[in-house]
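Data first, discussion second: the structure below is written as C-alpha cells.
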Amino acid sequence: MEKWRKYGVGALLCVLLWGAVFCGLRGSFQRYPLQVSFAYFCNNPFYNRLGINPIFNIVKSAEHGKKPVPKEIAAIDEHKAIDYIRQALGYTPKDSLNPIVREDSCYARISARPNVILIFMESMTSLNLERQSGDGQYLTPYLRSLRDRSIYCSNAFSTGIHTNNGIVGIHYGYVPNFAKTCMDVTSNLYTGLPYYLKQAGYTNVAFVTGNPQYDNMNSFWRDNNIPTIYSLYDYPSEKRVNNFGVQDDYMFEWGLDKLNEMSASAQPFFASFLTVSNHSPFIVPEAYKSRGTNDTERIIAYSDDAIRQFIEAAQKTEWGRNALYILVADHGTPMNSPYEMVLSYNTIPIFLLHPDLKPEVISTPVSQIDIWPTVLSLLGIPHENNCLGIDFLNAQRRYAFFVSDEHLGVSDGEYLFCHSIQSGRDCLYRIGSGENIIEQEPEKAAEMREYGFNMERVNLLSIANEWTGPQKP
C-alpha cells in the first residue's frame, strides 16, 4: 500500500509539474496565449520589439513560408502580370523600380478637413439589407435608409472571409494569400489610410470590443500607424458579456465619450471601430428578443440599431457634424450557396456619409482595397498608391477579385468566376443561377481568370513589399 501511495504522489506531482510548465508556455490565463502583441506597450516600435525573443523571431520567420503562393499563380511571369495590371487599371508607374507605385490624382469633395470615422460591421453581408423578420419588418432599417443619404456601393466585395483580411484590405489595400493570416508577427510595414492621414495631421485611434491580442491586432496596428487601441483593458469588467468582450453599443458609447475628449484638440482624428456582436456566440439584449424568429436575425437588428444610435449621437456634436463616416463590413457571412464559392461571404455593403457628399449609388464593382485611395482623393490628401485599389468615385474596375481560404473569386456583379486552389477546378456562373456555364462561355471564363490571376500575382508581390520602395513607419 505504501508503495502505491508513493506512486500516486509521484504521478500527482508530475501532473502538477506539467500543468505548471503548460501554463508557463501559454503565458496567460486570458483567452489568447502569450504572443507578440503582448510585448507592445508604447508608441515606439523600437522599444516594443526589444521585448521579443530573437529565437522566437527565427522560428516564426521559418514558419512564414509554410503557406506559399499557389503554384498556378506563382507560375505567372511577374513582368507580364505587371504589364497586364497597368493596362487593366490604366496607370503609368512613378518609376521603373516601383512598377505599381503611382501618384494618384485627388478630386476633393469635402471642403473642411473632417474627422474620419470608420466602422467595421462584423459579418454584415449585403444580403442582410434585404432580410426581413417573420412580421415583415426589415432587420436593418438604418442601413437601408443610408442608401438614400450616402454614397452607397451596391456591388462591393470583401477581400477575404476573416476580420484580419478586412482590416488589411480596408486600411492598407491588400488581398490576402488565401488562408494565410494578413497580420502575421512577421508583417511588413504598410502605408494606406492610417499612414497618409497621420501625415496630414490626424490622430489615429482604434476601438475594439474585446482583447486587442486577437489576430495580432495590437502589434500590427501599432507598427502600422494606429498607435492607440482602446479595448477590454479599458472597459469596466462588469460590461463584458462573453469572450469577445463588451457589446457593440457599449463600445460605441464609451468611444463617443473618448472622441468628445479628443475633440478638444484642434487636431482632427481618424477613429476605427471594430464591432463584433454579429459574431457567434450571439448575446442578444433583452430589448431585441422580439426582433426576428431566431438569434441570428435578432443580433442583426441589434447591430444595425447600435450603429444608428452611435452615428445619430455623434452627429449632434460639433466634431461629429463635420465627420466622414465610412461603414463597411469586414466580410460577409456564409449562407446557402449554389456556387462552388460561398459568395455571401464576400458580398458586402459600403457607405460614405458626409454633408458635403451628394448621395449616389455606385453599381460598378468595388473592392475593400478601393476604399483608402477613394477616401484620400475626396479629402484632397496627396498620396502615392502602392496597391491595386482605385478611386472608385472617379475610375472603374472591370472586376473585383477576392479570396476565401480555398478559392479565388472574380466578379462584376453579373458573373462569378471561381478557381479552387485545392482541386484546380474552374467554374463560371451567372449570379442567381447555380449552373456552371464555363463550357458555354469559355471566353468569358478565360477573361475573368486572366484578370484574377494577374491581379493576385501582383497583389501578393506587393504584400511582400518587393516593389513598394522603402518601408514607411
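Side chains included, hydrogens not; waters and symmetry mates left out as well; all remaining heavy atoms used. Owing to the predicted nature of the structure, the values given are computational and were not obtained by experimental measurement. Heads up: numbering here begins at 1 and tracks the sequence.
Using modelled atom types, one side-chain atom of N278 and one backbone atom of E122 make a donor-acceptor pair closer than 3.5 Å. E441 places no side-chain N or O within donor-acceptor distance of the main-chain N or O of I437, the cut-off being under 3.5 Å. Of the possible polar contacts, none joining the S280 side chain to the F282 backbone as a donor-acceptor pair under 3.5 Å is found. In this structure, S377 contributes its side chain and P373 its backbone to no donor-acceptor pair below 3.5 Å. At least one donor-acceptor pair under 3.5 Å links the side chain of R222 to the backbone N or O of P227.
Residues Y190 and Y174 form a side-chain contact, since some pair of their non-hydrogen atoms from C-beta on lies under 4.5 Å apart. At least one side-chain heavy atom of K289 sits less than 4.5 Å from a side-chain heavy atom of V284. When side chains are defined from C-beta on, R397 counts as touching I369, because their heavy atoms get closer than 4.5 Å. Residues L379 and P114 are in side-chain contact: their nearest non-hydrogen atoms beyond the backbone lie under 4.5 Å apart. Two residues are said to be in side-chain contact when any heavy atoms from C-beta on lie closer than 4.5 Å; S404 and M341 meet this criterion. A 4.5 Å side-chain heavy-atom check between M121 and L143 finds at least one atom pair inside the cut-off. When side chains are defined from C-beta on, I362 counts as touching I151, because their heavy atoms get closer than 4.5 Å. With a 4.5 Å cut-off on side-chain heavy atoms, V403 and V175 count as touching.
To the nearest 0.5 Å, atom CE of residue M251 and atom CG of residue D234 are 12.5 Å apart. Atom OG of S272 and atom CD1 of I170 lie 9.0 Å apart (nearest 0.5 Å). Taken from OG in S231 to OH in Y214, the straight-line distance is 15.0 Å, to the nearest 0.5 Å. Atom OG1 of residue T140 and atom CG of residue N128 lie 6.5 Å apart, to the nearest 0.5 angstrom. The distance from the CG atom of N346 to the OG1 atom of T333 is 11.5 Å, given to the nearest 0.5 Å. Atoms OG1 and CZ, from T347 and F402 in turn, are 8.5 Å apart once rounded to the nearest 0.5 Å.
A donor-acceptor contact closer than 3.5 angstrom is absent between the side chains of N294 and R298. Donor-acceptor pairing under 3.5 Å is lacking for the side chains of S133 and Q137.
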Which is it for N216 and S219 under the side-chain hydrogen bond (donor to acceptor under 3.5 Å, both in side chains) test, yes or no, and what are the steps along the way?
CA-CA 6 Å; N216 214 46; S219 57; 3.0 Å; yes

Is there a side-chain contact (heavy atoms from CB on, under 4.5 Å) between L232 and F244? Walk through the geometry before answering.
CA-CA 9 Å; L232 63 79; F244 289 121; over 6 Å; no

In sequence, state the C-alpha distance, the side-chain angles, and the governing distance for Y202 and F270, and then conclude on ring-ring contact (aromatic ring centres under 6.0 Å, His included).
CA-CA 6 Å; Y202 280 73; F270 168 46; 7.5 Å; no

Steps toward side-chain hydrogen bond (donor to acceptor under 3.5 Å, both in side chains) verdict (D249, Y302):
CA-CA 9 Å; D249 62 340; Y302 161 76; 2.8 Å; yes

Step-by-step side-chain hydrogen bond (donor to acceptor under 3.5 Å, both in side chains) determination, Q267 to T203:
CA-CA 7 Å; Q267 194 171 6; T203 298; 3.2 Å; yes

Using the ring-ring contact (aromatic ring centres under 6.0 Å, His included) rule, take F453 and H419 through it: C-alpha gap first, then chi angles, then the decisive distance, then the call.
CA-CA 9 Å; F453 273 51; H419 170 79; 5.0 Å; yes

Dump the intermediate steps for side-chain contact (heavy atoms from CB on, under 4.5 Å) on S411 and I431, then the final yes or no.
CA-CA 9 Å; S411 183; I431 294 177; 3.6 Å; yes

Using the side-chain contact (heavy atoms from CB on, under 4.5 Å) rule, take H407 and I421 through it: C-alpha gap first, then chi angles, then the decisive distance, then the call.
CA-CA 6 Å; H407 293 89; I421 62 172; over 6 Å; no

Could you go step by step and tell me if F120 and F273 meet the ring-ring contact (aromatic ring centres under 6.0 Å, His included) rule?
CA-CA 6 Å; F120 289 87; F273 286 84; over 10 Å; no

From CA spacing to verdict: salt bridge (charged side-chain N to carboxylate O under 4.0 Å, His left out), R109, E360:
CA-CA 13 Å; R109 297 193 183 191; E360 63 178 303; 3.0 Å; yes

For the pair Y91 and D104, evaluate side-chain hydrogen bond (donor to acceptor under 3.5 Å, both in side chains) and give the outcome as yes or no after the intermediate values.
CA-CA 9 Å; Y91 75 89; D104 267 2; over 6 Å; no

Using the ring-ring contact (aromatic ring centres under 6.0 Å, His included) rule, take W254 and Y235 through it: C-alpha gap first, then chi angles, then the decisive distance, then the call.
CA-CA 8 Å; W254 196 95; Y235 311 138; 5.2 Å; yes

As a quick check of understanding, evaluate side-chain contact (heavy atoms from CB on, under 4.5 Å) for F157 and I348, giving each step before the final call.
CA-CA 5 Å; F157 300 86; I348 61 170; 5.6 Å; no

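In this view, D356 satisfies the salt bridge (Lys or Arg N to Asp or Glu O under 4.0 Å) rule with no residue, not counting sequence neighbours. R430 meets the side chain to side chain donor-acceptor pair (under 3.5 Å) test with E414, Y415; sequence neighbours excluded.
Open room surrounds CD on Q396; 12 or fewer heavy atoms of other groups in view lie less than 6.0 Å from it. Environment of CD in E439: sparse, with no more than 12 heavy atoms of neighbouring residues, nucleotides or ligands closer than 6.0 Å. Within 6.0 Å of atom NZ in K239, 12 or fewer heavy atoms from other residues, nucleotides or ligands are found, so the atom counts as exposed in its surroundings. Sparse packing is recorded around CD of E318, with 12 or fewer heavy atoms of other residues, nucleotides or ligands lying under 6.0 Å away.
Each of I100, N385, I390 was scored for a side-chain contact (heavy atoms from CB on, under 4.5 Å) with L89, with one residue passing: I390. Applying side-chain hydrogen bond (donor to acceptor under 3.5 Å, both in side chains) to T191 and the options N386, N224, N225 leaves one that passes, N386.
The pair R291-D304 fails the salt-bridge criterion, with no side-chain N (NZ, NE, NH1 or NH2) lying under 4.0 Å from an Asp/Glu carboxylate O. Looking at R147 and E130, a side-chain N of the basic residue comes within less than 4.0 Å of a carboxylate O on the acidic one, giving a salt bridge.
The six-membered or imidazole ring of Y172 lies near that of F220, with a centre-to-centre distance under 6.0 Å.
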Name every donor-acceptor pair, under 3.5 Å, that has one atom in a side chain of residues 325-332 and the other anywhere in the protein, sequence neighbours excluded.
from	atom 1	to	atom 2	distance (Å)
Y325	OH	G320	O	2.8
D330	OD1	S123	N	3.0
D330	OD2	T163	OG1	2.8

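Taking the six-membered ring where tryptophan is involved, the planes of Y196 and H383 are perpendicular, since the angle between them exceeds 60° and thus also 30°.
Y138 carries R144 over the face of its six-membered ring, with the cationic atom under 6.0 Å from the centre and within 45° of the normal.
Summarising the geometry of P338 relative to Y429, their closest heavy-atom pair is O-CE2, 4.1 Å, with the distance given to 0.1 Å.
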